[in-house]
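Provided herewith is a single structure, encoded as structure tokens, for subsequent inquiry.
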Amino acid sequence: MPAILLVNGPNLNMLGKREPGIYGSDTLADVERLVSEKAHQLGYQIITFQSNHEGEIIDKIHEMREQVEGILINPGAFTHYSYAIRDAISAVSLPVVEIHISNVHARETFRHQSVIAPIAVGQVVGLGIKGYELALEGLVHYLQSQDRE
Ligand code: DQA
């Protein structure tokens with residue numbers, strides 16, 4: 001089964017406990033289960049990874065470069081300033097879809113910019129954890145359309 005890497009960045013291990021008014025009451029385990037189940041239906045396997053450390057995220061992206069077809073990533077606050085994560089994604093030449101649980105555009109100004117977005121296939125923003133499932137569908141659709149070319 002082809003594989004997709006699901007990366008969750010800093011503080012997303014706290015989902016369910018962290019600001020539930022913004023991020024909801026589902027946990028990271030719930031998110032990973034939801035994405036894995038949906039992926040199996042679509043014929044993909046999910047490799048999950050969460051880290052609070054920029055370098056660990058970069059190492060994982062490098063390590064997985066030949067084992068996965070694409071990446072789903074919620075980079076957390078790294079979204080807004082990590083050129084290093086952006087470069088890691090560019091370096092591995094894998095398609096990436098960016099996810100945000102909250103509507104970052106309706107929040108503080110510093111959240112309005114994503115340094116990842118310009119190199120992403122697309123973004124799913126503000127739809128809660130449902131966004132992970134939609135991002136997966138979008139990535140799979142993208143991969144399948146590339147196969148047909
Ligand atoms: C987030 C939005 C980011 O601004 C924030 O730093 C997060 C979570 C989201 O999923 O809405 O950690 O990526």
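Side chains included, hydrogens not; waters and symmetry mates left out as well; all remaining heavy atoms used. Along the sequence shown, residues carry numbers from 1. Order of appearance sets the numbers: ligands from 1, and atoms from 1 within every ligand.
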Within 6.0 angstrom of H112 NE2, more than 12 heavy atoms from elsewhere: yes
Distance-only side-chain donor-acceptor flag, Q50 / N52, under 3.5 Å: yes
Between S114 and E98, a side-chain donor and acceptor under 3.5 Å: yes
Heavy-atom pair with the smallest gap, counting every atom of L15 and I101: CD2-CD1, 3.6 Å
Same cluster (ILVMFWY, side-chain, under 4.5 Å), L28 and I71: no
Can you produce the list of protein nitrogen or oxygen atoms under 3.5 Å from a nitrogen or oxygen of ligand 1, alongside each distance?
unit_1	atom_1	unit_2	atom_2	d
ligand 1	4 (O)	H80	NE2	2.7
ligand 1	4 (O)	R111	NH1	2.8
ligand 1	6 (O)	A77	N	3.1
ligand 1	6 (O)	R111	NH1	3.1
ligand 1	10 (O)	N74	ND2	2.8
ligand 1	10 (O)	I101	N	2.8
ligand 1	11 (O)	I101	N	3.2
ligand 1	11 (O)	S102	N	2.9
ligand 1	11 (O)	S102	OG	2.6
ligand 1	12 (O)	R18	NH1	3.1
ligand 1	12 (O)	R18	NH2	3.0
ligand 1	13 (O)	N74	OD1	2.8
ligand 1	13 (O)	H100	ND1	2.8

Validation row: N74, H100 side chains within 4.5 angstrom (heavy atoms): yes
